[in-house]
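No experiment lies behind these values; they were computed from the predicted model shown. Just the heavy atoms: all of them, side chains too, but no hydrogens, waters or symmetry mates, feed the values below. Below, chain A is the first sequence line, B the second, and so on; all start at residue 1.
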2 protein chains.
Amino acid sequence: MKRKSFREAECPVARSLDAIGDWWSLLIVRDAFDGIKRFSEFQQNLGIAKGMLTTRLRDLVEAGVLNLAPASDGSAYREYVLTDKGRNLFLVIVALRQWGEDHLYREDEKHSVLVDADERNPVSRLTVYSADGRQLAWDETRIVAANGAQ
Amino acid sequence: MKRKSFREAECPVARSLDAIGDWWSLLIVRDAFDGIKRFSEFQQNLGIAKGMLTTRLRDLVEAGVLNLAPASDGSAYREYVLTDKGRNLFLVIVALRQWGEDHLYREDEKHSVLVDADERNPVSRLTVYSADGRQLAWDETRIVAANGAQ
DNA sequence: GAATCTAGTTCTATTTTAGAACCAGAATCA
DNA sequence: TGATTCTGGTTCTAAAATAGAACTAGATTC
């Protein structure tokens, strides 16, 4: 059967995953953050099948994450650029990156690092803060339902 | 063909997605943060097929995200609890939640809110900071490759 | 002791994904 | 200018992932 959709889910996490949770989507977005724009660049950089890339790019454009614009090199081709909505996925990518760095490499394995453009120092770790600036651990938070209950 | 694996990718984002990027995985983790522990609870809460849930839970245990422990109610059953590695996915979930809240609801639609347990105020937005405390936008960061180049 | 609940397993049907082959229009080369 | 190559796809097949129903053994409750 068709994969179950979360598009109309109550939970924002589920809706996000419905929009950008299929295989390849976030890697395409990651590449877009790294300046990749053209179909062939994505294809070669990711090693993805062309047919798959075609449908993923179409889906991401439909989802409002990417825009299809005239190529910036003046050619008759087009290129894919992040929309505002797409750029706002930056934190998702950074969170995935930090978790991966922390848990998915052996001691002796090197990995790339996200640094700030000016100082070239690694960015600091993401943290959840309360409205009044306290650091919050996962068990110091709660979900309040839409209706205000719980 | 078998879906392409990113387990040995250089990029931490790709490795993360390989580990927790398949359909349902992060929703199971989200439920675990909400205190869901038992097989039947996950199954009913998510509306997932039992067979799918079985393989996802097995994968997450294999990945070190969940642990299978004796049920806390004293029965002979068992329950799934987040490991340290799993708890560290909190930021990923929060980032997905905030993006979804911002971009995937109509004006008139309500959604649940993440609040701090004490004050019951919504948590503040995630932000990327430089080592010296400046807020960084996506285009104020760079990726430095593992070998130190670029 | 019987009925029900829990946590699965197994099966089939459909959808997704990977990969190769093909193709038309744009750009480059000679 | 014409031939060749590059770009950005489309189409096809085969294998894997997912959904859902049916079934089951052991634990718990009635």
Side-chain angles (χ1 to χ4, degrees), chain A residues 1-9 14 17-29 31-32 35-63 66-81, chain B residues 1-9 14 17-29 31-32 35-63 66-81:
Chain A
M1 284 243 174
K2 196 178 219 159
R3 192 173 58 180
K4 192 152 188 174
S5 162
F6 315 129
R7 194 166 36 257
E8 294 299 318
L17 290 171
D18 194 83
I20 46 81
D22 21 37
W23 213 239
W24 293 111
S25 289
L26 279 175
L27 289 180
I28 290 170
V29 172
D31 272 16
I36 302 283
K37 289 177 165 57
R38 297 282 285 266
F39 186 94
S40 58
E41 288 180 302
F42 285 111
Q43 206 250 312
Q44 286 160 39
N45 201 54
L46 292 167
I48 185 179
K50 286 168 152 200
M52 184 83 293
L53 181 58
T54 301
T55 72
R56 279 292 161 275
L57 287 171
R58 179 171 41 63
D59 292 350
L60 287 170
V61 168
E62 266 175 27
L66 295 177
N67 252 339
L68 199 43
S72 49
D73 63 359
S75 73
Y77 298 114
R78 289 181 300 175
E79 58 188 29
Y80 296 87
V81 294
Chain B
M1 282 240 176
K2 195 177 223 162
R3 194 171 59 181
K4 193 151 184 175
S5 163
F6 314 130
R7 193 164 39 257
E8 293 299 317
L17 290 171
D18 193 83
I20 46 81
D22 23 35
W23 213 239
W24 294 111
S25 290
L26 279 176
L27 289 180
I28 291 171
V29 171
D31 272 15
I36 302 283
K37 291 177 163 57
R38 297 281 286 263
F39 185 93
S40 58
E41 289 181 301
F42 284 111
Q43 206 250 312
Q44 286 161 40
N45 200 56
L46 292 167
I48 184 179
K50 287 169 152 198
M52 185 83 293
L53 181 57
T54 302
T55 71
R56 278 291 160 278
L57 287 171
R58 179 172 41 63
D59 291 351
L60 287 169
V61 168
E62 265 175 29
L66 295 176
N67 252 338
L68 200 42
S72 49
D73 63 358
S75 74
Y77 298 114
R78 288 180 300 174
E79 58 189 29
Y80 296 88
V81 294

ask   = Does any N or O in the side chain of B:E41 come within less than 3.5 Å of the main-chain N or O of B:K37, such that one atom is a donor and the other an acceptor?
value =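 Checking the backbone N and O of B:K37 against the side chain of B:E41, a donor-acceptor pair under 3.5 Å is found.
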
query = Is there a donor-acceptor contact under 3.5 Å from the side chain of A:T54 to the main chain of A:K50?
reply =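 Side chain of A:T54 to backbone of A:K50, a donor-acceptor pair under 3.5 Å: yes, one is there.
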
request  = State whether the distance check finds a donor on one side and an acceptor on the other, under 3.5 Å, for side chain B:Y77 versus base D:dG26.
outcome  =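 Answer yes: a donor N or O sits under 3.5 Å from an acceptor.
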
Rounded to the Å, how far apart are [X] [atom1] and [N] [atom2]?
X	N	atom1	atom2	answer
B:L57	D:dT18	CG	P	14 Å
A:E79	D:dG8	CD	C1'	14 Å
B:D73	D:dT28	CG	C1'	11 Å
B:R3	D:dA16	CZ	C1'	9 Å
A:R58	D:dG8	CZ	C1'	14 Å
A:W23	C:dG19	CH2	P	13 Å
A:K2	C:dT15	NZ	P	7 Å
A:I36	D:dG8	CD1	C1'	16 Å

key: Closest listed nucleotide, where the reference is the side chain of B:T54 and the choices are C:dG8, C:dA27, D:dA17   =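 From the listed options, C:dG8 comes nearest.
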
ask   = Which one, C:dT17, D:dG9, D:dT18, comes nearest to the side chain of B:W24?
value =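 Closest nucleotide to the B:W24 side chain: D:dT18.
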
inquiry  = Just to verify, which of B:R78, B:R38, B:E79 counts as forming a side chain to side chain donor-acceptor pair (under 3.5 Å) with B:S72?
reply    =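 When B:R78, B:R38, B:E79 are each tested with B:S72, the side chain to side chain donor-acceptor pair (under 3.5 Å) holds only for B:E79.
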
key: Aromatic ring proximity, centroids under 6.0 angstrom, A:W23 and B:F6   =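 Here the rings of A:W23 and B:F6 have centres that are less than 6.0 Å from each other.
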
query = Hey, does A:R56 reach any base, or is it just sugar-phosphate, or nothing, if we go heavy atoms under 4.0 Å?
reply =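 Sugar-phosphate, backbone atoms only, no base.
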
task = Just call it for B:T55: base, sugar-phosphate, or nothing, with non-hydrogen atoms closer than 4.0 Å on any strand.
result =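 The residue B:T55 makes no contact with any strand.
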
inquiry  = For A:F39 and B:A76, find the nucleotide of DNA chain D closest to each by heavy atoms; which residue's nucleotide sits nearer the 5' end?
reply    =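 Mapping each residue to its closest nucleotide by heavy atoms, the 5'-most match is A:F39.
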
ask   = Starting at the 5' end of DNA chain D, which residue's closest nucleotide do you reach first, A:R78 or A:S5?
value =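 So the residue in question is A:R78.
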
key: Residue pair B:L66 / B:V29, side-chain heavy-atom distance below 4.5 Å   =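 No. Closest side-chain heavy atoms not under 4.5 Å.
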
task = Report yes if the side chains of B:L57 and B:L68 come closer than 4.5 Å at any heavy-atom pair, otherwise no.
result =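 Result no, sub-4.5 Å side-chain heavy-atom pair not found.
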
query = B:K4 or A:G74: which one's nearest nucleotide on DNA chain C is closer to the 5' end?
reply =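 Its nearest nucleotide lies further toward 5', so the answer is B:K4.
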
request  = Would you please confirm or rule out a distance under 4.0 Å between OP1 or OP2 of C:dG8 and any side-chain N or O of B:Y80?
outcome  =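 It does, given that an N or O in the side chain of B:Y80 lies less than 4.0 Å from OP1 or OP2 of C:dG8.
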
A:S25 versus A:D22, closest heavy-atom pair with distance =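 Scanning both residues completely, I find the closest heavy atoms to be OG-OD1, 2.7 Å.
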
request  = Would you jot down, in residue-number order, the residues of residues 40-53 of chain B having a non-hydrogen atom under 4.0 Å from DNA chain D?
outcome  =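 Residues of residues 40-53 of chain B that come under 4.0 Å of DNA chain D are, in numerical order, B:A49, B:M52.
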
